[in-house]
Asks: 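Structure in structure tokens, see below.
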Number of protein chains: 2
Amino acid sequence: MPSYTAPIKDMQFVLHNVLNVTESSIPGYEELEADFTSAILEEAGKLTSEVLAPLNAVGDKEGCRLENGVVYTPKGFKEAFAKVKEGGWTGLDMPEQYGGQNMPYILGSAVGEMFSASNQAFTMYQGLTHGAASAILAHGSDAQKETYLPNMVSCEWTGTMNLTEPHCGTDLGLMRTKAAPQGDGSYKITGQKIFISSGEHDMADNIIHLVLAKIEGGPEGIKGVSLFIVPKFMVNDDGSLGDRNAVSVGSIEEKMGIHGNSTCVMNYDGAVGYLLGEEHKGMRAMFTMMNEARIGVGMQGLAQADVAYQNALAYAKDRLQGRAVTGAENPDGPADPLIVHPDIRRSLMEQKSFIEGARAFILWGANLIDAAHRSSDSAADGLISLMTPVIKGFLTDVGYDMTIKAQQIYGGHGYIEEWGMSQFTRDARIAMIYEGANGVQALDLVGRKLAQDGGKHVMAFFDMIKTFIKDNAGQDAEFDKNFLEPLKAASKDLQSAGMYFMQNGMKNPNNALAGSNDFMHMFGHVCLGYMWARMAIAARQALADKGGDPAFFESKLATGRFYMARQLPATALHLTRIETGAQTVMALDSANF
Amino acid sequence: MPSYTAPIKDMQFVLHNVLNVTESSIPGYEELEADFTSAILEEAGKLTSEVLAPLNAVGDKEGCRLENGVVYTPKGFKEAFAKVKEGGWTGLDMPEQYGGQNMPYILGSAVGEMFSASNQAFTMYQGLTHGAASAILAHGSDAQKETYLPNMVSCEWTGTMNLTEPHCGTDLGLMRTKAAPQGDGSYKITGQKIFISSGEHDMADNIIHLVLAKIEGGPEGIKGVSLFIVPKFMVNDDGSLGDRNAVSVGSIEEKMGIHGNSTCVMNYDGAVGYLLGEEHKGMRAMFTMMNEARIGVGMQGLAQADVAYQNALAYAKDRLQGRAVTGAENPDGPADPLIVHPDIRRSLMEQKSFIEGARAFILWGANLIDAAHRSSDSAADGLISLMTPVIKGFLTDVGYDMTIKAQQIYGGHGYIEEWGMSQFTRDARIAMIYEGANGVQALDLVGRKLAQDGGKHVMAFFDMIKTFIKDNAGQDAEFDKNFLEPLKAASKDLQSAGMYFMQNGMKNPNNALAGSNDFMHMFGHVCLGYMWARMAIAARQALADKGGDPAFFESKLATGRFYMARQLPATALHLTRIETGAQTVMALDSANF
């Protein structure tokens with residue numbers, strides 16, 4: 001049975017040694033003293049490892065069950081959800097006005113990683129609610145906020161996002177769900193939505209569905225899509241629950257993983273809905289949820305990689321098999337532990353260096369979101385907008401690979417469900433797909449984000465790296481050689497790729513799009529390389545200051561050197577591929593496949 | 001519901017245009033006329049797509065069931081097994097003397113790919129039997145051959161391999177299963193074996209277990225391991241079945257995939273066993289099975305990639321979503337098919353170019369095996385021995401990745417079990433683990449095979465590539481540029497890596513072993529690059545000869561160009577990693593992870 005330990009020390013390192021959060025002028029950051037964040041993280045760590053993690057396998061094995069229109073969640077989920085609500089975890093970064101604690105998003109992110117790592121399927125119930133509440137917060141009327149937010153912030157009511165239909169996912173312009181105005185400001189919503197996470201379940205008194213639909217007579221395609229609030233139970237003026245709305249679950253899907261979350265087909269049969277935001281501007285409102293969700297999904301990639309790694313590491317230290325080629329390391333035992341073998345070590349280092357780099361990347365991203373939202377920092381807003389598809393696509397692609405590597409360390413036992421490693425891979429697999437499949441993230445990055453605001457944000461990104469290298473070079477030859485030089489080379493590869501797109505994408509956009517996946521991955525590598533260089537500086541500083549555990553900081557440096565030496569050079573391969581353009585990719589007529 | 005179509009045209013191309021099998025002097029190859037192989041492949045294609053493929057999802061969903069010591073296979077398996085036996089497919093390449101058809105292994109390989117692709121879990125019942133029969137054929141006494149082979153060749157009796165125990169897999173020296181001599185030539189076998197594929201089931205009258213055990217009083221460790229034949233039912237002198245032997249199934253494992261195959265814990269409680277081969281030489285005998293099994297497992301990587309790709313391709317042509325960025329390609333429809341999008345096309349080309357390259361690689365490998373066995377060609381034997389870990393490790397690692405790419409094309413539907421794409425990934429996952437986890441393959445390649453016979457075989461490999469390039473250069477500039485030059489560069493990378501190992505592995509073997517996984521992958525790429533260059537020559541020749549379907553040959557060339565331009569250059573990244581040696585891999589003390 002696998003276990004989970006919250007990586008508190010590592011999170012504290014990123015918050016305080018790398019990002020120096022208390023030195024920031026972002027409102028709310030002044031509260032983030034090390035003792036305070038430590039207390040919060042310890043509490044969250046306890047809850048996630050003691051309550052949520054033991055339910056992870058239960059949820060996988062038992063799954064959700066639909067009986068007479070009611071979806072039953074796995075045994076223990078309800079009680080755990082009560083504990084999560086009780087602790088106030090669901091509204092950590094929500095406004096106090098609606099019952100939240102108004103803490104910075106960066107702290108919510110750190111806690112969120114623990115939740116996802118310990119039990120992804122369970123955490124989605126509150127995750128979707130958070131996203132729906134954010135959309136209402138950003139686009140709702142005051143009355144809508146008053147009506148829905150307090151109960152959503154506390155998760156007495158949960159939320160959903162309804163986008164996909166049987167014949168359309170990415171291409172929402174093809175949507176068929178209709179909204180008929182009723183003359184009283186409300187609409188009747190009719191249509192079928194699929195893949196609705198947490199669509200129906202037994203853990204909340206009400207479910208607030210956010211539903212994309214086309215108002216009859218509106219513009220064709222994506223321009224005619226509006227967003228509606230469709231409560232499962234109507235809400236009376238006094239806040240009490242009224243009639244059941246005409247929305248019902250059609251079936252629940254049998255999936256590869258995240259069995260503990262109910263994935264529903266939802267039928268809207270003239271259900272009463274209320275416009276959220278403006279008519280025909282549904283996509284804009286939905287993107288409030290979507291951007292948040294995409295970063296959250298990127299975090300899931302990291303989270304599953306981490307919990308899988310923790311268990312693989314324990315197994316590699318415990319399982320005795322073979323002897324170190326350089327001489328027995330456990331001479332009194334029948335064999336040496338797996339971790340002595342270089343190829344096992346390589347795999348563990350790949351996992352460790354990805355996870356710690358990704359954690360810093362996510363927290364840095366959350367820092368930018370706080371700067372954008374709390375300090376109206378438009379440069380930060382541009383940067384996080386640019387990097388959102390990278391966080392989602394790169395971290396889930398690689399995060400998934402890492403769960404496979406972790407599973408591989410178990411040998412045959414990794415394939416047996418009882419050991420739990422299979423679940424980590426199966427749960428992690430969805431993150432590459434939902435909230436926009438990773439191919440769509442790459443398209444968003446190359447087809448949209450690169451050129452946004454005249455390419456200002458990507459230019460700012462390159463300037464940031466360049467300035468960082470300039471500011472930190474020449475102080476230590478070892479650091480320059482092992483950190484700054486690889487970062488410089490990788491960043492140059494990324495710039496060359498951007499240049500190739502500019503020069504060749506005009507005459508044929510396929511020359512850019514054929515390299516979009518490679519570009520997203522090389523961008524991710526550069527971001528992790530940048531984080532590793534920053535972490536190395538922080539670790540060296542801490543060692544010089546003789547503050548804290550020197551073995552921890554030395555381990556940081558060793559892990560960083562591994563990433564820079566063996567993982568970051570992947571940018572060169574990506575560039576090679578990108579520079580071949582669309583030719584070999586598009587040469588074959590589709591009939592000749 | 002996914003479907004499977006046997007790739008007969010592609011197999012015929014490799015057999016007749018690339019390998020020119022009928023021009024070979026290998027005994028039996030003279031029979032392999034195109035009409036003859038076509039007839040066999042058509043028959044096998046019919047059986048696999050019509051009988052085995054429809055049972056694939058059934059096996060996954062239903063799994064195997066243990067009741068009162070009896071394992072029940074999924075509904076329909078028994079009837080399908082009867083059809084397979086009836087058609088004589090189980091003894092295709094086995095000696096006529098024992099009821100086989102004595103056809104070359106290369107034809108068995110082509111048929112085997114179809115069986116694995118259509119239903120991997122089902123095919124394992126006969127696959128393990130084939131391996132066990134081969135070991136008896138190679139190491140058994142005449143009496144043993146007479147007693148067991150006829151019924152194993154026909155699959156009236158099936159076979160198993162028993163290596164793993166709860167505390168040891170790779171490190172079989174730790175084995176605890178004991179064999180006590182009974183004075184009459186027989187032994188009593190006592191111990192527990194785990195992960196025994198097809199260990200117990202209801203499709204055969206008898207099961208012949210090959211079991212590794214230590215004869216009491218023998219040498220310590222791996223040098224004291226012997227191989228035994230342990231029948232489920234004793235076989236009387238007249239060939240009839242006698243008493244039940246003291247071997248029984250303890251439980252069946254709940255696995256991530258291959259649910260249709262029964263993976264058993266087997267308990268030997270003083271079961272009667274007969275020595276197969278020599279005392280204490282069990283590993284040698286087991287390797288007869290193992291080498292065959294490793295090539296078969298490599299083929300499973302290809303097979304699952306192919307069936308997943310076939311379905312992903314159909315979906316990409318069928319599913320309408322979005323518009324081609326270069327202008328609508330299906331202007332009368334609501335949207336264009338997925339296949340118009342460059343990133344989808346990239347993914348499909350990655351799959352296609354891997355699959356066709358891997359198929360040629362496997363069939364070339366089978367050709368070498370035939371040369372080694374039927375013509376006693378020691379160079380061929382050395383070459384296939386060198387490449388066996390590459391076939392197993394590279395083709396299953398990449399084959400698995402390809403099933404993930406195929407699943408990804410389905411978006412959310414790929415994650416729903418009903419669509420069948422999840423099963424392909426879950427079934428493919430085991431191939432990276434069993435018959436020696438891929439890390440062990442990499443270790444075998446770098447730690448053992450490279451230096452075998454003084455490095456003769458790897459040198460021969462490089463000479464072969466060099467000669468091939470020399471012999472074919474200068475005839476066509478396009479071919480030189482798009483095929484020979486990339487092959488030359490990749491082969492140079494591989495040689496540089498070998499050189500690095502020689503120069504740095506002596507002083508510290510970890511410098512070689514830390515790069516073993518990279519080396520295995522770059523070796524695989526060079527092999528596929530070599531196959532693509534050979535296929536390009538064959539396709540160009542066929543076009544010049546105006547023989548056959550020009551679109552097929554043009555497609556070959558286009559697919560080959562993709563592989564050479566975008567996939568083969570991965571060797572450079574592998575070399576970069578290898579040349580960093582063990583330092584960053586081994587720097588961290590295991591306590592500091």
Side-chain angles (χ1 to χ4, degrees), chain A residues 164 169-171 174 195 253-256 313 317 321-322 325-326 334-335 339 342-343 345-346 348-349 352 408 411-412 414-418 422 430 432-433 437 439 442-443 509-510 513-514 516-517 551 555 558 561-562 565-566 569-570 573 576-577 580 582 584-588 590 592-593, chain B residues 164 169-171 174 195 253-256 313 317 321-322 325-326 334-335 339 342-343 345-346 348-349 352 408 411-412 414-418 422 430 432-433 437 439 442-443 509-510 513-514 516-517 551 555 558 561-562 565-566 569-570 573 576-577 580 582 584-588 590 592-593:
Chain A
T164 307
T170 300
D171 189 355
L174 303 175
F195 304 157
E253 305 280 8
E254 204 182 309
K255 308 181 298 290
M256 185 176 180
L313 174 61
K317 287 181 174 184
Q321 209 78 182
V325 68
T326 46
I339 198 171
D343 190 60
R345 187 71 71 109
R346 168 198 60 80
L348 290 171
M349 288 299 289
K352 181 173 164 61
Q408 187 74 12
Y415 200 66
I416 307 296
E417 291 293 353
E418 190 190 346
S422 160
I430 188 59
M432 297 160 70
I433 299 173
L443 178 65
N510 287 344
L513 298 181
S516 59
N517 179 66
S555 162
R561 284 184 205 111
F562 176 90
R566 293 182 75 109
L573 174 60
T576 299
R577 286 188 187 141
T580 64
T584 62
V585 176
M586 304 302 286
L588 205 54
S590 75
N592 290 334
F593 266 79
Chain B
T164 307
T170 300
D171 189 355
L174 303 175
F195 304 156
E253 304 281 7
E254 204 182 310
K255 307 182 299 289
M256 185 176 180
L313 175 61
K317 287 180 173 183
Q321 208 77 182
V325 68
T326 47
I339 198 171
D343 189 60
R345 187 72 71 111
R346 169 198 60 79
L348 290 171
M349 288 299 289
K352 182 174 164 59
Q408 187 73 12
Y415 200 65
I416 308 296
E417 290 293 352
E418 190 189 344
S422 160
I430 188 59
M432 296 160 70
I433 299 173
L443 178 65
N510 287 345
L513 298 181
S516 59
N517 178 65
S555 162
R561 284 184 204 110
F562 176 91
R566 293 182 76 109
L573 174 60
T576 300
R577 287 188 186 141
T580 65
T584 63
V585 176
M586 304 301 287
L588 206 53
S590 74
N592 289 336
F593 266 80

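Sequence lines set the chain letters: A, B, ... in the order given, protein chains first and strands last, and positions in each chain run from 1.
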Asks: Only pairs of heavy atoms separated by less than 4.5 Å count here; which of B/T576, B/T170, B/L443 has the most with chain A?
Replies: B/T170
Asks: Pick whichever of A/G322, A/G414, A/A582, A/A551 has the most heavy-atom pairs under 4.5 Å with chain B.
Replies: A/G322
Asks: Out of A/I339, A/I430, A/L573, A/L348, return the one with the most heavy atom pairs under 4.5 angstrom to chain B.
Replies: A/I430
Asks: Please identify, among A/A437, A/A558, A/A514, the residue contributing the most non-hydrogen atom pairs under 4.5 Å to chain B.
Replies: A/A514
Asks: I'd like to know which of B/G439, B/A570, B/G412, B/P334 tops the heavy-atom pair count under 4.5 Å against chain A.
Replies: B/G412
Asks: In terms of heavy-atom pairs under 4.5 Å, which option from A/E254, A/R577, A/K255, A/Q321 contacts chain B the most?
Replies: A/Q321
Asks: A/E418: what forms a salt bridge (charged side-chain N to carboxylate O under 4.0 Å, His left out) with it, not counting sequence neighbours?
Replies: none
Asks: I need the residue from A/R561, A/M586, A/E417 with the largest number of non-hydrogen atom pairs under 4.5 Å to chain B.
Replies: A/E417
Asks: Quick one: does any side-chain atom of A/S555 pair with a main-chain N or O of B/N592 as donor and acceptor, under 3.5 Å?
Replies: yes
Asks: Quick one: list whatever passes side chain to side chain contact (heavy atoms under 4.5 Å, CB included) with B/D343, sequence neighbours left out.
Replies: A/S516, A/N517, B/R346
Asks: Taking side chain as everything from C-beta outward and backbone as N, CA, C, O, which of these in B/L313 sits under 4.5 Å from a heavy atom of chain A? Side chain, backbone, both or neither.
Replies: side chain
Asks: Based on non-hydrogen pairs under 4.5 Å, which of A/F195, A/Y415, A/F593 is most in contact with chain B?
Replies: A/Y415
Asks: Please tell me if the side chains of A/L588 and B/M349 come closer than 4.5 Å, counting only heavy atoms from C-beta onward.
Replies: yes
Asks: What heavy-atom pair brings A/A335 and B/L174 nearest, and what distance separates the two atoms?
Replies: CB-CD1, 4.1 Å
Asks: State, to 0.1 Å, how close B/V585 and A/P342 come at their nearest heavy-atom pair, and which atoms those are.
Replies: CG1-O, 3.7 Å
Asks: When heavy-atom pairs shorter than 4.5 Å are enumerated against chain A, which of B/A442, B/G411, B/S590, B/A587 gives the highest number?
Replies: B/S590
